[in-house]
Every structure is written in structure tokens, then in C-alpha cells.
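Proteins come first, then strands; the chains are lettered A, B, ... in the order of their sequence lines, and each starts at number 1.
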Amino acid sequence: MDLESAKKPFYNLMMFPYPSAEGLHVGNMYAFTAADIYGRFKMMQGFDVFEPIGLDGFGIHSENFALKIGRHPMEHAKITEKNFYAQLHKVGNMYDWSKTVETYDPDYYRWTQWIFVQMYKAGLAYRATSKVNWCPKCKTVLADEQVIDGKCERCSTETIKKALEQWFFRITKYAQRLLDNLEGLDWSEKVKISQRNWIGRSEGVILNFKATNPKSQNESISVFTTRPDTVHGATFVAVATQASSLKSQASKEKIGKFTGRYVLNPATGNKIPVWRVNYVDESYGTGAIMGVPAHDTRDREFANKYGIDIVEMEPDEKWWKRAEEEGWGKRETHYHLRDWLISRQRYWGPPIPMIKCPKCDWQPVAEDQLPVLLPEIDDYQPEGEGKGPLAKHKEFYETKCPKCGGVAVRETDVSDTFLDSAWYFLRYPSVGKDSVAWDKELTKKWLPVDMYTGGPEHSNLHLLYTRFLTMALKDMGHLDFEEPFKRFFAHGMLIKDGAKMSKSKGNVINPDEYIEKYGVDAVRMYLMFLGPVDQGGDFRDTGMEGMTRFIRRLAKIPVGEDKPALERGLHRLVKKVGEDIERRHYNTAISAIMEFVNSVFEVGGLGKDQAGVVWRLMAPMAPYLAEEMWERLGGEFSVHQQRWPEYDPKLILEEKATVVVQVNSRVREKLVVDKETDAKTVEQLALASDKVKKYVEGKKYRVVFVPGKILNLVIDA
RNA sequence: GCCGGGGUGGUGGAAUGGUUUACACGUACGACUCAAAAUCGUAUGGACGCAAGUCCAUGAGGGUUCGACUCCCUCUCCCGGCACCA
């Protein structure tokens, strides 16, 4: 399809996979099939559907794997790319293979770096010292997701926090907008709630606890609280422990030490002690809290342990007001969202395009000098000491200052993988345009994305980063929309025989084997038949056999004269399948087709036109079979270019209806009558039946009647 | 702890106020076959019963309603996410 001339653009995007060496996971195929069916359906409805695919092959996941098997990440990327694309060609999706994106391709990361420069120029990228997760054994920085219960994901060593100077993106500046915009998005409530929690807005008050000695005001302590209405119960103030002292987030035990100081409770004027405790996070709020044992369970636990006073009280709204009026409190809104840490002391990522000059400080690399190529080096293993492998390569980092031309050094850290994937959807339509990150006209035409399909596990990080970046780029004038995905559909998880698939259990399905054995259409159909895609499904080999049987049966349908007896059923099927695909309930669309096919065999076959309708209904789900059957009917190529069939609403209506006759809400009889038959007539018919008569004879009853559905004779006790 | 999602036959699931268990898997029996596979047919929630039939059943308990898998309340278990969130 020609993207420039398309009339009714529909951008059908699925989250691109990161290519593991094991190859395409059946879970990928599950998600991609679900997305592809929707895209093919939209195409048959007359949309120009753009459905691209690519690889998220830069970053720590791929790098770790390469390290593990001792292969150079660059070489590894080439191998996995070949395998992945070969596999992706086999899953029956209508990808636009002329527009692929690989995040490790210099033609791509050139623009990832360009975005970094734009962020820097806009004041949204800054440097700060931050504590990162550090594994002493692997000597490397770990991402938060790689730390599980305080331990390194790879070697189970207890991780520590290490202070390093890093690059950050100022996502917190957009916290409120990220929150507000959620309202207007056609996303599942689940994902929206997850984002709201992640952003974690809380409204509270900064309260000032004055020092006991009025002269030493610098010994006052400010705390942040969302519950100033409990301030009169505060019997201590707790401040965070020093970073140096042990603070493992795994430990549930409350530990503290009295500082020897006292402050005054602003509400009561009481003198209360100041403690250092391990359960206060120094990076949130003011790094100090008021301890209210009567109201907060953690504070109570702590007070009990150290014998601190507990003043029982009830929350009192008046303190909100008095705090402000009397000047010892100030309303503030806080967010739990943290700025996005971009730096990675690793090899396999885009070098951050910044240069440090002794005279001019940090300068961005000139845009016409991008990309800063990632050099092919042999010592790519992370070694620690807070620096990435590139820091060992003079030929890489020695450069000149873009501003003064003096001797300067490049940044040797690379950027986070999440940055690679935070803008790829902008690139797809513009692949091949070498002079811009994205073409203005194409972007106007194709974006934002109409339908985005992917895993719910990306609700917080990936989806928040893309939204943030899109907003920032809009504010800089590079885009004219601020929400990247109009609709987001989260698929569920595919399991095998009731258990999560994992390498250690050895129950991971390789889609290639199944495609080889059963054919891609049968695998697609089976995956979609398991249940609603948003709920996930349980893959069982016996079920796979069943679907194969169905497909064989389909191919055997005798086609001849139209069967009038099937006409109504066919129109109903068109309605049902269309509606089910629209809401991504492919499982019930398939059952409906199965039911129809069962009825086809009852009447001994299908008319040619009728068959044509069925094959078109099946085209999105079973693209090859539908094509073949369509061709056999003599239909013009291709079935996928045909219009989605229409149904006649009048033909769907039955003139007969089954009315269920109940006595005291228990089913006693079923009557087939004209749809419009009135209550009296149905009642007469019902009473003529012995099954009803024996329950109501000689008794008084009242009648509940729903035309065409229910006649309930209620004998009141 | 908080926030989501869920609990329906032997299994995956269907049904969003009106015949619970669609569709499929599995199982049993039968047909075809020398035999097996494949295919086709029949049956298949539970209890009692020769049968007609009756009663019970959508995690547990209660409520609303002529009628509840569906709506409301309480509880419970499973799955997922977040978490010393001040």
C-alpha cells in the first residue's frame, strides 16, 4: 500500500518484540495474531491499513543474553534479526515489510539521539546524582526491573544502592497532564488505573514542626502529610536514615534511633522527640513524617517497639484549615512518579550524544554529526566502577567541544532501552526518509495510532514514556498531537496445560513446530478459540487437534445450489462475526462459524454465493485457507481485497419464537408461537398443556408476560 | 496492606435480568474395517428413578425481583500489579 496516497488510513500497531535467541515465542504469535485479525477486518471494511513490525533489539535484555552465550551483541543482533523475520513471515500477518524498524540500526538510533538532543535543548534532560541498583558480583548497574526482592535477577546477590551522576528526563513536569489526559483515552479502565497509581498524585500539607528553642529555627523540621487532620495525635517526628546506613527494602522490621532532639507539635504545642527511622523514604516528600501511632499502623508498631507515647484521638477536619490559617502548614501536591533515569553504564545501546568540555560544560552533539556510532569493540562486558565499556576507549570519547572547539570528552553511557521504544511508532511510516526523524505530511496523515495492541505489563513504563515523549515533542513543535495511541488493547497471557510457560519447566511452545505440523491457519484459529484475547488462554495439544479437524471439515463442504434454509442463519452469522471481531471476542466468532458449519452439513452443503460469504468472514482469521477456498469458487483475487459481507437486518428476525412457560418461575413447558402472540393467547395455549395444567388447576395466579420470551404463572402463597 | 481481574460440567469456555452449561476438548458406546488410524453417528452437570419425571447445582451466605451466573451487601479462595506512598 502506498502510504502517501492512502484515502482512509488506519494505523494498526502491535508492540514490537525484543528478539530473544530462542526465537519467536508463541505468546508473541498469540498477541500478533489478535492484532492482525483486527487489521485485516478493518481492511475489508475499506480502510487503508498500515501494519508494521520491527525489532526492539537494543538494550539490556539482548545484551545480557549475548553475554551469557559469549557472543558479541552486534553479531547476535544480526542472527536474531534473521531468525525473527523468518519466523514473523510465517505467522500469516499482513505486515508491511518495506517499513521495518530495528532499534540498533544506526539509521534508527540516529534519531533516538536526535530526540535526546531535543529534550536537552528544551530543558527536559538534566544531570543529577542518583542512587542506582548495583550488583557487587556482576559489577553492573541493574534496572529496577532486574532487582527482585532486593536481589540481582541473574545471580541472586543482594544489590546495593550506589550514587552516580546520571542523565534524567523530566517526566515529573508532565505528571498532571499525563494524569488529566487519561480521561479522554479509549483504553481499558484497568490500564488507566494502573497509570494513575503509578503517577501517584497525593494532596497534602507541608507542616512545620518548630524547634523547642525559638532561636535555633534551623532545627525545625518540615513534614509532608496527607492527613493533617491527625496532627494532634503526632507524638514523634521521623526522619529518613542516612543513605550510608543499611536500608534494605526487603526488611519489614521498623528500626530507629533517637536523635536527642525535640520539636513542638504545632497543633498541641507538645514537645515531641525526633527519631531517625528506616521506614521513611528520603526522596519522597520532605524526607520526614509526623508519627501518629493512634492512626497509622506503621507508626503504632514503631511507637510500641520504642516506648513512644501514644495519644488516642479522632481525626479532625479543622486542622486542615488551621494549618493554613495559622501559617504553620502549606498545601502541596506530590507525585510518586520519579524522573526518568536515562543513563545506562552499558555497551548495547545508543551512546548519549553529549560532550563535556572543561570550559563550556555539557554540550549536545551537533545534529548534523549524528549518529554518534556505537563502535564495535571486543571488551563490551560491563565492569562496573560506575562507567560503561565505552569509557575504556579513547578513540571513542576523545573529541572536540562543539562550542569552543577545545579538547573535550564524549559521554560514554548509553541510553535506556525504553527510550528506543518510546518513539518507534513515529518512525514506521517515515522509514526511508533519511533527512528527518519523521516526515511531516506522513505523520499528519497516519498518526496518532488508531489501534495499539500489546501486553498489559507495559502499562506503566512503556506507555507512560511514550505519552510523555509525545507531549514533550508536541510542546517543542515537532508534532501536532499529544497522545500517541487513541486506543490501546491489552491482550492476556497464554499458558500451557494450566501452567505458565517457562524454559525451566520446558513447556515453552515453539510456534514453528505447530505451524509446520498443523498449518498456520489452524494455529491462528486455535489460539483465538481459547478464550477472549484480553483474558489469555490455555494451550492444549488436544484442542489443537480439534481445530485441525474443523478446518479439514470446512474444506470438505459440498458447494452447489444456494440453500434457502441456511439464509437466515448466514445473515445472523455475518452480524455475529462482525460484532465479535470488533470487540475482539474471536473465540465466539469462531464458535458461531462452527455452529453454522454444523448446520451446513445437516442440509448437505452450501450455495456458491453463501460459501463466498463464509470465506470472507473467515479471511481475517484463516487468511490462507480463505484465499484458497475463495479461489476454488472462482472469486477474483484476492479474498482479502473483498468487502466485508453485509447482512439484512430484516432477514435476521425470526417470525416464530419459543415462549418458555413457567409456573412459579420453574420451567414447565415450551411453546413455539408467532413472535407477536399476546399474553392471553399464550396463556390459553399453556393451559391446554398437561404439564402446565397440573400445577395451576383450580388455583389463583397472576401472569407475568414478556412477548416472545416468557410466560410466568405466579401462584402467590 | 492497597488496587485490579476472576471462581459456571472431567477440561477450555458460552450466556450481562428470562430455557444455565453454546462451541470445542476429553470420555463412553456404536457404524465403517481382517485390524488399527482417520471419518461418521449417539450419549455425556449431579442425585433418585425401568420410565415419565422430580429435585439440586454458576466459590459460600444473605438481599432486591414474578425471575439472578448477571444487580446490591457480607465472606472466602485463586491470579495479576503496586507497596514502608507519609
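- Taking atom C1' in both B:U54 and B:A60, one finds a spacing of 26 Å when rounded to whole Å.
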Checklist entry - Are A:Arg702 and A:Asn712 close enough, and set up right, to give a side-chain hydrogen bond (donor to acceptor under 3.5 Å, both in side chains), and what steps lead you there? => result CA-CA 8 Å; A:Arg702 64 199 167 91; A:Asn712 192 2; over 6 Å; no

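- Atom C1' of nucleotide B:G13 and atom CZ of A:Phe539 are separated by 16 Å, given to the nearest angstrom.
- A donor-acceptor contact shorter than 3.5 Å is absent between the side chain of A:His585 and the backbone of A:Pro532.
- Rounded to whole Å, the C1' atom of B:U58 lies 11 Å from the corresponding atom of B:A15.
- Among the heavy atoms of the strands, none lies under 4.0 Å from A:Arg338.
- Between the P atoms of B:G9 and B:G1, the separation comes to 29 Å (whole Å).
- A:Phe529 comes within contact range of at least one nucleobase, with a heavy-atom separation under 4.0 Å.
- A:Gln662 comes within contact range of at least one nucleobase, with a heavy-atom separation under 4.0 Å.
- Without hydrogens or angle criteria, A:Lys305 side chain to A:Lys254 main chain gives a donor-acceptor distance under 3.5 Å.
- Atom-to-atom, CD1 of A:Ile710 to C1' of B:A68 comes out at 13 Å; the value is rounded to the nearest Å.
- If you measure from atom CZ of A:Arg702 to atom P of B:G67, you get 8 Å, rounded to the nearest angstrom.
- Remark: the backbone N or O of A:Met544 is paired with a side-chain donor or acceptor of A:Thr548 at under 3.5 angstrom.
- In this structure, A:Asn598 reaches the sugar-phosphate backbone alone: every heavy-atom distance under 4.0 Å involves primed, P, OP1 or OP2 atoms, never a base.
- Residue whose closest nucleotide on RNA chain B sits further toward the 5' end, between A:Ser194 and A:Gly287: A:Ser194.
- The line from CD1 of A:Ile593 to CG of A:Leu573 is 6.0 Å long, rounded to the nearest 0.5 Å.
- If you check every strand for non-hydrogen atoms under 4.0 Å, A:Pro456 touches nothing.
- For A:Asn197 and B:C82, the CG to C1' distance is 7 Å, given to the nearest whole Å.
- Residue contacts for A:Lys190: at a heavy-atom cut-off of 4.0 Å it reaches the sugar-phosphate backbone alone, with no base atom in range.
- Nucleic acid contact class of A:Asp296 (heavy atoms, under 4.0 Å, all strands): none.
- With A:Tyr526 as the partner, the ring-ring contact (aromatic ring centres under 6.0 Å, His included) test is satisfied by one option alone out of A:Phe550, A:Phe539, A:Tyr30, A:Tyr518: A:Phe539.
- Atom P of nucleotide B:C23 and atom CE of A:Met525 are separated by 16 Å, given to the nearest angstrom.
- Of the two residues near RNA chain B, A:Gly543 and A:Trp198, the one whose nearest nucleotide lies more 5' is A:Gly543.
- If you check every strand for non-hydrogen atoms under 4.0 Å, A:Arg583 touches sugar and phosphate atoms only.
- When the C1' atom is compared between B:C75 and B:C82, the two are found 25 Å apart, to the nearest whole Å.
- Within the nucleic acid shown, A:Asn712 comes within 4.0 Å of at least one base atom, counting heavy atoms only.
- Backbone-only contact: A:Val714 has heavy atoms under 4.0 Å from sugar-phosphate atoms and none from a base.
- Within the nucleic acid shown, A:Arg668 comes within 4.0 Å of sugar-phosphate atoms alone, with no base atom in reach, counting heavy atoms only.
- Listed for the A:Arg524 side chain is a donor-acceptor partner under 3.5 Å among the backbone atoms of A:Met621.
- If you take CZ of A:Phe550 and P of B:G12, they are 22 Å apart, rounded to a whole angstrom.
- Going from atom CG of A:Asp281 over to atom P of B:C82 covers 17 Å, rounded to whole Å.
- Rounded to whole Å, the separation between the P atoms of B:U42 and B:C23 comes to 12 Å.
- For the P atoms, the distance from B:G59 to B:C77 is 16 Å, rounded to whole Å.
- When the P atom is used for both B:A31 and B:G17, the distance is 47 Å, rounded to whole Å.
- Using a 4.0 Å heavy-atom criterion, one finds that A:Tyr586 contacts no nucleic acid atom at all.
- Going from atom CD of A:Glu545 over to atom P of B:A37 covers 14 Å, rounded to whole Å.
- The residue A:Arg540 sits close only to the backbone: its heavy atoms come under 4.0 Å of sugar-phosphate atoms, none of a base.
- Comparing the same atom, P, in B:C69 and in B:U19 gives a spacing of 10 Å after rounding to whole Å.
- The residue A:Gly546 sits close only to the backbone: its heavy atoms come under 4.0 Å of sugar-phosphate atoms, none of a base.
- Pairing for B:G17 is absent, judged as Watson-Crick or G-U wobble with the two contacts each under 3.5 Å.
- For B:C55, the paired base is B:G46 (Watson-Crick or G-U wobble, both distances below 3.5 Å).
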